[in-house]
Amino acid sequence: MALCLNQLLQNKRSSPFILINDSIQLSGLSLLSEFAMTTLRENQGLIVVLTETSPTAWLTRLQHTSQDNVNNSTIYIIDAYTDPLGWDDQITMNPLPTGVTIQKVQDIRDMERSILKPIIEKITTPGSEYSILIDSIHPLLMISQQRTYQLVKALESLTTDTIRLVINHHADTSLPSNNNNIVIPTVDALNRLASVILSLEPLPERTLHETQQEALTGFTAQESFTYMKTTSNLIEKGGLAKIEWRKKSGKVQYETNGFCLGSKGLIIMEATELTGENSMEQVSMDIETQSPQPQQPDPTANLSFNLSLTDNQRRAKDNVELPYMKVQEQQQQQQSSSGVIYYEPDAGDDFDDEDPDDDLDI
Amino acid sequence: MSFRKRNADQQPKLPSGSRLSAYNGQLLISTGVPSLDDIMGGGLPVGTVLLIKEDRATTYAQLLLKYFLAQGIASGHHCALASRDEDGNELLRNLMWLATSNTNDDDDDHDEAAKSAARSNAEGDRLKIAWRYAHLKKFESGVRQAPSSPPPQTSSSSSSKDSNSSAASNEPKPYCSLFDLTKRVPESVLEETTPTVLDNADGEDDYATLLENIRKLVLENNFSSAIPAKPNTSRKVLRIGIHSLASPSWQSKSSHDLYKFFHALRGLLRFSFGAAVVTIPAYLYDEAPNFVKRVEHIVDAVIEVESFAGSKVHNDAPYTQNYHGFFYVHKLPVLNSLLPPSTKLSVLSAGGSNDLAFKLRRKRFAIETFHLPPEGGVSERRTEPPPSSSSSSDNKKKQPRRIGCGSTPGKTDLLEF
């Protein structure tokens, strides 16, 4: 069975709006670039809105992982990182590789016109497939939560079978709220719109691999001494993605997949391989798969007496007169003539166990 | 003094598609789902507001709202819809429509034939051996739909179209109709009844504009009971459906605007022939529970839908095969009385002591009492784990590593003592 994350990346099943909730412990940028890579590999158009990554860094990321396919398809970058508020006059741009167009955003406060309009213009050509990526929605949220929500809703309404939307959101930030208004947390508001929610989590510090190693050998692995130790975003070690996929049929699929950084991009794997919970789960899984055998032993097989009926015996059984047949017929005759009384004893009815007349049948 | 004979014509007629409650004489309209009508004690009283707390990740609350509006169209009431998350016209076009009498009343279970065969076999045995139980009532966990009269057959010729529509209007409209979820409202019916979509201009306070629109609708179209109607006109009932109120798309200056809206809506509806059903995504306000609590106190009836698909815990539970989610009744309409009428009348909720769950079949939505399935599933038998020779057939799974001494069940350990 294909892993959920692989299915999402390859866009085989419908997933119009993917929301990635990352945190400072594990950034969603690598997963986002993985989405971009799969889009380019299938020669689809890519529209990226960059708010926290510079275009050169983004392009380096893409070229880093796969050399050849980048040039074939078009990448359209809406650059809201370099100069979102229009402070600088003229910037000389480095020459761009072929197939890449950059649209600079001078006024991010007018997000509808500077971001939404170019996207709509780009995808109005029918039949072409696009993936719209937003690097981080946080700067837009800081300008106005309400308008960002409307923007995301508008983008979501643009999604079709061929156009999908992937947004990265820093779920661990909380935005300042008004005094009077009770504000819905942005995470919940965005989760409500999304059809797939990916929550990224780093691996626990000591995985079960290490605990087992310790128990077996008695030694713990110590990291070599460094002056500066990175504690977060250890993508080489790997991370976990908790997936909630709301399908069109109404069913929701929950799954956790793991990923880690390989030489050519992310390697997706089962979550248990990373955390090492495999060994514990294996034992219980074996027991469960062994008990429901496909062939249930037939209890009536090896008996010294016969439990089935032949036809003669069945006919004889049907003809036996049961002891209360006469009373039944009498009752049926009574029923057909008069009305039926439904009697349900109430709490007030007292039953006298000693009364001998109870079952008197006159 | 003069004795005036009570003339049947001079008595105010009931609006179409409504009935009086057997318990306290209130005017009731159907919500479209017979089990929900039973829980409410016959139906939703006219003049009340029903709040439905939405479910996460699924759209069952929206389905209930659609049932409400579809029943309104089928019963000849005027429908009004407001929504900021979905397109109102699109929602109206996708309403469900009446089932024809040919289709089976029961839902499409796979073993329908086997069920009926089993039932007839059981019948035969019951009469012979357990005959004293033959006339006891069968235990019902759901509410049966009363078989509806078939909708008037419309012929295809255009000349008789006029006569058909006039004939349909003279027939009494049904109280609660049987709907088929696979069918859609025909365009002609929508054009005849012209439901209103209350759209909101983008302003500062969406709730105030919505309230203004509703007030105009009630006053201008003769729904208000404070203004006497002209004699010989029959009143129509107004059904207001509001989808996903207080979602992030609704703007307001302060949180009090929502309370003011509900308070004013309830007051407006009390003196009108209208009822409202409002769905609210209450799960978004988990951090501020008092917000939704205050709204619950203002409205008349509160029900909550919790789908199993919306939570990771419930999604894989064994009872998801039979039911699709839990159904909670938090508050019931109590107008001019101390106890809600459904305490005595309701079969399903049995005075509030039963757990309720709902299930959505291909053609029907039903609310039933919740029973846990048999422990461990119906077909599982408790057998001893067979010896470990069969485990080598599983090539896919890695051999588990065992640490330390002691036996794990199913595998024999030579050192076990």
Side-chain angles (χ1 to χ4, degrees), chain A residues 145-146 149-150 152-153 157 178-186 188-195 197 211-212 215-216 242 244 246-247 250-254 278-293 296-297 318 322 324-325 327-328 331-332 335 340-344, chain B residues 56-60 85 127-129 131-132 134-137 246-249 251-256 258 281 283-288 290-291 307-312 315-316 324 360 377 379-386 388 390-391 394 397-404 408-411:
Chain A
Q145 284 189 39
Q146 182 62 250
Y149 185 79
Q150 299 293 336
V152 173
K153 237 173 71 159
S157 65
N178 305 343
N179 304 338
N180 271 340
N181 234 341
I182 297 188
V183 180
I184 304 171
T186 34
D188 292 330
L190 289 175
N191 280 354
R192 191 165 169 265
L193 287 179
S195 58
I197 303 172
T211 339
Q212 285 170 7
L216 278 176
K242 297 211 164 105
E244 178 182 332
R246 300 176 187 173
K247 311 231 167 112
K251 292 211 173 71
V252 180
Q253 187 177 1
Y254 292 92
N278 212 7
S279 54
M280 304 298 276
E281 280 185 22
Q282 274 298 312
V283 179
S284 49
M285 269 168 69
D286 278 340
I287 308 237
E288 279 174 28
T289 51
Q290 279 161 13
S291 35
Q293 292 285 336
Q296 297 282 1
D318 285 337
L322 294 170
Y324 283 96
M325 288 304 275
V327 189
Q328 273 188 54
Q331 274 211 351
Q332 277 188 2
Q335 270 184 20
V340 183
I341 300 172
Y342 293 108
Y343 173 61
E344 286 174 23
Chain B
R56 262 194 88 236
T58 39
T59 53
Y60 292 115
D85 282 310
L127 284 179
K128 276 208 225 160
I129 297 175
W131 52 276
R132 281 204 195 267
H135 58 270
L136 285 183
K137 277 197 304 185
S247 75
S249 321
Q251 273 177 302
S252 68
K253 279 182 286 213
S254 80
S255 53
H256 290 284
L258 186 65
Y283 57 89
L284 293 177
Y285 291 96
D286 273 341
E287 317 243 324
N290 298 329
F291 183 70
S307 67
F308 293 145
S311 84
K312 204 167 163 183
N315 200 19
D316 298 319
H324 290 115
L360 175 67
S379 57
E380 186 192 281
R381 295 161 61 122
R382 307 221 173 222
T383 53
E384 297 294 315
S388 53
S390 53
S391 70
D394 281 349
K397 302 185 191 106
K398 291 193 302 196
Q399 280 299 324
R401 290 184 290 166
R402 256 164 305 288
I403 317 151
T408 50
K411 320 270 184 223

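Here is the naming used below: chain letters follow the sequence lines, and residue numbers restart at 1 for every chain.
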> Measure distances from D85(B) to the heavy atoms of chain A and classify the residue's part below 4.5 Å as side chain, backbone, both or neither.
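Both backbone and side chain.
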> By side-chain contact (heavy atoms from CB on, under 4.5 Å), which residues pair with E287(B), not counting sequence neighbours?
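P185(A).
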> Among A246(B), P248(B), G310(B), which residue has the highest count of heavy-atom pairs closer than 4.5 Å to chain A?
P248(B)
> Does any N or O in the side chain of Y254(A) come within less than 3.5 Å of the main-chain N or O of A309(B), such that one atom is a donor and the other an acceptor?
yes
> Restricting to non-hydrogen atoms, name the atom on T58(B) and the atom on S307(B) that form the minimum distance, rounded to 0.1 Å.
OG1-OG, 2.7 Å
> For residues L258(B) and S252(B), determine if any side-chain heavy atom of one lies less than 4.5 Å from a side-chain heavy atom of the other.
no
> Which bit of S247(B) comes within less than 4.5 Å of chain A, counting heavy atoms only: side chain, backbone, both or neither?
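Answer is both: backbone and side chain atoms of S247(B) are under 4.5 Å from chain A.
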> Which atoms of E244(A) are under 4.5 Å from chain B, going by heavy atoms: the side chain, the backbone, both sets, or neither?
side chain
> Does K251(A) reach the side chain of N315(B), with side-chain heavy atoms less than 4.5 Å apart?
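Not in contact.
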> Is chain A contacted by the side chain of A57(B), its backbone, both, or neither, given a heavy-atom distance below 4.5 Å?
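For A57(B), backbone and side chain are both near chain A.
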